[in-house]
Amino acid sequence: MSSDSKSIVRTRFAPSPSGHLHVGGARTALFCWAYARQHGGKFILRIEDTDQKRSSDAASVGFLRDLKWLGIEWDEGPEFVDRDGSRCGGGAYGPYFQSQRLDLYTKYLQQLVREGKAYYAFDTAAELDAQRKAAREAGRNYRYDRTAATSLSAEQVQRRRDAGEPAVIRFRLPDEPIVIRDEILGEATIPAEQLDDFVICKADGFPTYHFAVVVDDELMQVTHVIRAQEHFMNTARHLRLQEALGFRRPVYAHLPLIFNPDGSKMSKRDKDKALRAAVRSMGVPPVERAGGEVASISADTFAAWLKDKDRQLEFDEANALSEALGVPLPEINVDDFRRSGYLPEVLINYLALLGWNPGGDVEKFDKAFLVERFSFDRVMKGPAKFDRAKLLAFNHDAIQALSTEEFVRLFRAHCAEFHPEFIEHLTPEHFDLLAAANHKRSKTLDDQVRSSRFFIDGDESITYDAADKNLRKVMCAGEPTGRAHLEALLPILQGVSDWSVATLEQAISAYVQQHAGGNLGKVAQPLRIAISGTTISPAIYETLTILGCDATLRRMRRCIEAFACV
RNA sequence: GACCCCAUCGUCUAGCCAGGUCCAGGACACCAGGUUUUCAUCCUGGUAACACGGGUUCAAAUCCCGUUGGGGUCGCCA
């Protein structure tokens, strides 16, 4: 620990293992990263996997990909190689998985026990639960009573441990109020009675979060702890532990929480909540509708899930059900937003703005700006609600600011990953034309995908609802009717030799001039219905070009038949 | 319940720390007109907030106290 290393800023993002990065975590990581960059320091990623109930295999750190996608790159931490070959991680202070640092923790744990600053305790979980419950029923605040544990002699402790009796190690908390200094929240004094002798080593030998954090932050020379506000009270514990171990005290900054618009915590469970609400509002149990199985979910699983609020469907199941019901899932994780076609720089911008702002009226900015201007004194103290409408508006602006070439490139990459069928079913030229035609009407990279399905579906799968009032009006009202226009257009389009935007425009606009009073809508709308079954499509010449001559004519004929217009 | 923190339009927020220039500014949403071959856009205009009550002061959104409201924490989770 050289003296010059003390002056360099080192921040860390320390999530527990997960396949997906939550937006709240993403923002924490972003601020940690920005602060380190601003000061020419290091941003460290550490995996807090001291809970053996959570696995730590490769899939469990799938969120690394999300971090990388956002452009938040870590200087030290788990090694990660992106698809483009760029890498992140490594470093001299590893390992960066806490589960691989057990010997380190044990050393400090023993030190505290030796010094009498910590002690073994043999209470069972059931006993503790009972005590908490009793305190609660008596209207008292529960505090762990250390007398039983600390009255044990060293020999007694040793004997019981040798006999294999499970034991935890608890920290003997000094009986003094604790002052927390926080860069965002200011100073707070926590009365000693609010804390008790917390567990620092579990019965399985793993340190608890509190202990591992304190040891690792010291050993990794972390200078600034930037984390969510839910950790604020924990800081008191960490401060005490640092004092007991003779460690340095990092600077603390606690970020406000992010909520749903309704004030509830943004959670993975929100997806299941949305699906359950949709299923209920539809009345008919989809299990029956789909013949006992919904979207590959067995009837039993489905019924159990529907009843139990705490139950969550698997990732694929939820997606399949969402697709089957036509109910969009709320985006919660970073990869949800990626799938929904948000640009990483937009998500970064919006997330940064949720709880921080540069002052004045500036709200659109990039990472470089954030690195330059970020400061703790402009971080909000209270929680913020996540407003998807505003995020969408930001994304819309960013998409519109893209050149068409750039949009086409991004849209192709998006489809390659999430909708490969568009690339498979269209020629490269037609795919590009579709992308370009959709650019101006896109708010995300994904929002035109659903409405573009008719381009790649077979002609027979286009259905015409002759009872639909709006469709009927377009097809059958007026003189000539839309249907009549289609019939008249049939031979004209059949005669178009080189089927392209230019030739179609020429042929159709000539027809419109002569037979529709120059009103393109009179002709374009029936055509849209014919080819898509709806009145919605990209610009009509591009649409027909992409679809091709044969399919266009076939659909027109089918449409003419479908609308009799008595 | 105890402890800690917070409080400006529906939402995110500027302004507050160094009180007057704020009958409070921006963005998103919403509403009304207009443009547009559909959808989506786009343009113009509009509605909308200093939680409440006391102080301090010539003057308070800005400072102080209280009330109310919101959030966090109270695990062998992190």
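The chains referred to below are lettered A, B, ... by the order of the sequence lines, with proteins before strands, and numbering in each begins at 1. The analysis underlying the following values was restricted to heavy atoms, covering all of them including side chains, and did not include hydrogens, waters or symmetry mates. Since the structure is predicted, the reported quantities are computational estimates derived from the model, not experimental observations.
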| query | With sugar-phosphate meaning primed atoms plus P, OP1 and OP2, does A:Pro538 contact a base, only sugar-phosphate, or nothing at under 4.0 Å between heavy atoms? | reply | base
| request: Indicate, with a heavy-atom threshold strictly under 4.0 Å, whether A:Glu363 touches base, sugar-phosphate, or nothing. | output: base
| request: Please confirm whether any donor atom in the side chain of A:Lys390 sits under 3.5 Å from an acceptor in the base of B:A27, or the reverse. | output: yes
| request: Can you tell me, in whole Å, how much space there is between the C1' of B:C31 and that of B:C9? | output: 15 Å
| request: Identify, between A:Leu391 and A:Pro256, the residue whose nearest nucleotide on RNA chain B lies closer to the 5' end. | output: A:Pro256
| note | Contacts of A:Phe394 and A:Thr124 projected onto RNA chain B by closest heavy atom; the upstream (5') one is A:Phe394
| request: Check every atom of B:C5, B:A2, B:U11 against the side chain of A:Asp387 and return the nucleotide holding the closest atom. | output: B:U11
| message | Any base atoms under 4.0 Å from A:Phe259, or only sugar-phosphate, or nothing? Heavy atoms, all strands. | response | sugar-phosphate
| said: Using a 6.0 Å cut-off, check whether atom CZ of A:Arg136 has over 12 heavy atoms from anything other than its own residue. | reply: no
| What nucleotide among B:C76, B:C3, B:U11 has an atom nearest to a side-chain atom of A:Gln194? | B:C3
| query | Hey, is the side chain of A:Lys381 poking within less than 4.0 Å of OP1 or OP2 on B:A7, counting only N and O atoms? | reply | no
| Residue pair A:His414 / A:Phe422, side-chain heavy-atom distance below 4.5 Å | no
